[in-house]
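Working notes for the structure below.
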Amino acid sequence: MYLEDPPRRHLAIPGAADASAEREHWWPSLADPRKRATFTSITANPSLAFGRPHPALLPYVFQYTGIATVGDAAGLPSVQRVPPECAVMLTISLSDSRRGSVTGADGTRELPGAGLTGLHERFYLIEYTARRGGVLLVAFTPPGAYALFGVAMREVANEHVALGDLLGRRPADRLVDELVSAPTWHHRFAVLDRVLTARVSRGREPDGLLLRAWEELARCQGQVRIGRLAEELGCSRRYLEKRFGEQVGLTPKTVARMWRFQRATHLLMGPGAPTWREVAHTCGYTDQAHLAKDFRILAGCTPTQLLGLHPHRPDRGRSHFAKGGPDERR
């Protein structure tokens, strides 16, 4: 089924300035379809299209997203701040021009026009250069990406890997050409269904214990002690960490932290305007200072700064975000 209705520093990056609504923009993670309401409540942007993958792909794919325009072509600052999210993202540019560059802790490099981004422990910046065309995003569960692409997730963690390096250049080019030529998002999502379901039958099988651990972390949004989780699964913590390295890419503790952060961003952007204290408590932080610390480590900025980067936040960039907020001087 396809939905084309609009969806309603701890780390220092060389040369990167502090987060600024004039220079950058940010979107909450598209990794969790349960949080789609965040988008429907804060924007009536008709350039977004969401698609549900074929039922056979549900253990492997969170969702499809089509974005008609990106960067300054969409009236946004050309730089996007991307904090960690709990999905392995396949991004395919539908434009003939260069997609842009990505800047992380290890410097700046050209961003593949079609590429897979593994789980990241810290934020990175994308600077768009394309002026026309859109982008197609596929949010995979990490075990799903492991199964469908046949590569250890530790090899793509904190990396951006060209699709041609995973599928082979010719198969990757054929897929991109077919997606670019498709007339609508509905047709593009159907192409993805066909290609990905075909890979399921010949892909790797994720470890059953690993899947149970991943699903529990997703279900409780990171609010579980990893030692207790391993005990409930009947394995050692070391065994669980080894499986996560292979089929998720990062440690269970890091992934739990990312789920808590991801949930916090959705709550802060969603309807109802919860207080900072409520968000910290709901997401399992010890207090507001703990929440603010994780934002600085994962997003590279304070919660107030990150919220101010959202392009459709009604009060984008206004100082009252700080009122009653966590102590951002710590």
Side-chain angles (χ1 to χ4, degrees), residues 28-36 52-53 55-63 83-90 116-122 138-159 161 166 196 199-267 281-286 290-291 294 297-298:
S29 174
L30 293 165
D32 191 346
R34 294 172 296 181
K35 303 301 187 294
R36 186 179 289 164
R52 295 192 181 101
L57 294 171
L58 292 181
Y60 306 92
V61 182
F62 283 121
Q63 72 175 9
E85 55 186 336
C86 298
V88 175
M89 300 296 295
L90 173 63
L116 194 72
T117 300
L119 296 191
H120 273 63
E121 299 176 85
R122 300 289 189 271
V138 183
F140 294 95
T141 67
Y146 166 82
L148 293 173
F149 292 100
V151 61
M153 288 295 98
R154 69 169 66 90
E155 301 298 324
V156 299
N158 298 303
E159 294 290 345
V161 181
L166 299 169
L196 295 177
R199 295 189 67 85
V200 168
S201 61
R202 60 179 185 270
R204 293 183 178 184
E205 188 69 27
D207 181 84
L209 185 145
L210 178 282
L211 281 177
R212 289 166 57 196
W214 167 261
E215 289 167 359
E216 178 61 16
L217 282 175
R219 184 195 66 79
C220 69
Q221 304 281 275
Q223 294 191 59
V224 61
R225 293 187 179 275
I226 304 306
R228 179 182 175 185
L229 177 61
E231 183 179 342
E232 291 176 349
L233 294 170
C235 68
S236 69
R237 180 167 180 158
R238 183 176 180 180
Y239 178 87
L240 189 61
E241 289 174 346
K242 181 179 179 181
R243 284 287 177 262
F244 261 70
E246 179 186 22
Q247 300 181 30
V248 175
L250 301 175
T251 67
K253 183 177 180 180
T254 299
V255 172
R257 185 185 212 179
M258 291 163 59
W259 273 116
R260 291 193 298 270
F261 169 82
Q262 186 170 292
R263 186 183 189 190
T265 60
H266 280 284
L267 287 175
H281 175 75
T282 299
C283 297
Y285 293 102
T286 54
H290 184 195
L291 180 149
D294 261 20
I297 292 173
L298 298 178

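FYI, side chains are in, hydrogens and waters are out, and symmetry mates aren't considered; it's all heavy atoms of this structure. Throughout, residue positions are numbered sequentially from 1 according to the sequence presented.
With a 4.5 Å cut-off on side-chain heavy atoms, L119 and P142 count as touching. Put simply, the side chain of Q223 reaches to within 4.5 Å of the side chain of R263, judged on heavy atoms. With a 4.5 Å cut-off on side-chain heavy atoms, Y239 and L209 count as touching. Looking only at side-chain heavy atoms (C-beta outward), T141 and L211 stay at 4.5 Å or farther from each other. Residues L298 and R122 form a side-chain contact, since some pair of their non-hydrogen atoms from C-beta on lies under 4.5 Å apart. Residues Y60 and V200 meet the side-chain proximity criterion, which asks for heavy atoms closer than 4.5 Å.
Other residues, nucleotides and ligands contribute over 12 non-hydrogen atoms within 6.0 Å of the CD atom of E215. No more than 12 heavy atoms of other residues, nucleotides or ligands lie within 6.0 Å of CZ in R225, so this atom counts as exposed by the packing criterion.
In this structure, H281 has no ring-ring contact (aromatic ring centres under 6.0 Å, His included) partners at least two apart in sequence or on a different chain. R154 is linked by a side-chain contact (heavy atoms from CB on, under 4.5 Å) to A152, E246, counting only residues two or more places apart in sequence or in another chain. Take F244 and apply the ring-ring contact (aromatic ring centres under 6.0 Å, His included) test, not counting sequence neighbours, and it matches no residue. Taking the salt bridge (Lys or Arg N to Asp or Glu O under 4.0 Å) definition, one finds that E155 meets it with nothing, sequence neighbours left out. For E241, the salt bridge (Lys or Arg N to Asp or Glu O under 4.0 Å) criterion is met by R237, not counting sequence neighbours.
F140 and L90 get closest at one heavy-atom pair: CE1-CB, 3.6 Å. Nearest heavy-atom pair across L240 and L233 is CD1-CD1, 4.2 Å. Between P59 and A56 the shortest heavy-atom distance is CD-O, 3.7 Å. The shortest heavy-atom contact between A256 and L217 is CB-CD2, 3.9 Å. The shortest heavy-atom contact between P143 and P206 is O-CG, 3.7 Å. Minimum heavy-atom separation, L250 to E121: CD2-CG, 3.6 Å.
Look at E216 and R219 and you find a salt bridge, because one of the NZ, NE, NH1 or NH2 atoms lies within 4.0 Å of a carboxylate O, short of that distance.
Shown are C86, C283, P83; of these, the side-chain contact (heavy atoms from CB on, under 4.5 Å) with F261 is made only by P83.
Atom-to-atom distance recorded for Q63:CD and R52:CZ is 9.0 Å, nearest 0.5 angstrom. Taking NZ of K253 as the reference point, atom CD1 of I226 lies at 9.0 Å (rounded to 0.5 Å).
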Checklist entry - Between Y146 and L210, is a side chain to side chain contact (heavy atoms under 4.5 Å, CB included) present by the stated rule, with each step listed? => result CA-CA 12 Å; Y146 166 82; L210 178 282; over 6 Å; no
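The backbone N or O of D294 sits nowhere less than 3.5 Å from a side-chain atom of R257 that would complete a donor-acceptor pair. Between the side chain of H290 and the main chain of G284, no donor-acceptor pair closer than 3.5 Å is present. The main-chain N or O of P84 is never found under 3.5 Å from a side-chain atom of S29 such that the two would form a donor-acceptor pair.
Within the structure, ring pair (Phe, Tyr, Trp, His ring centres under 6.0 Å) contacts touching residues 199-237 (residues at least two apart or in different chains) are W214-W259.
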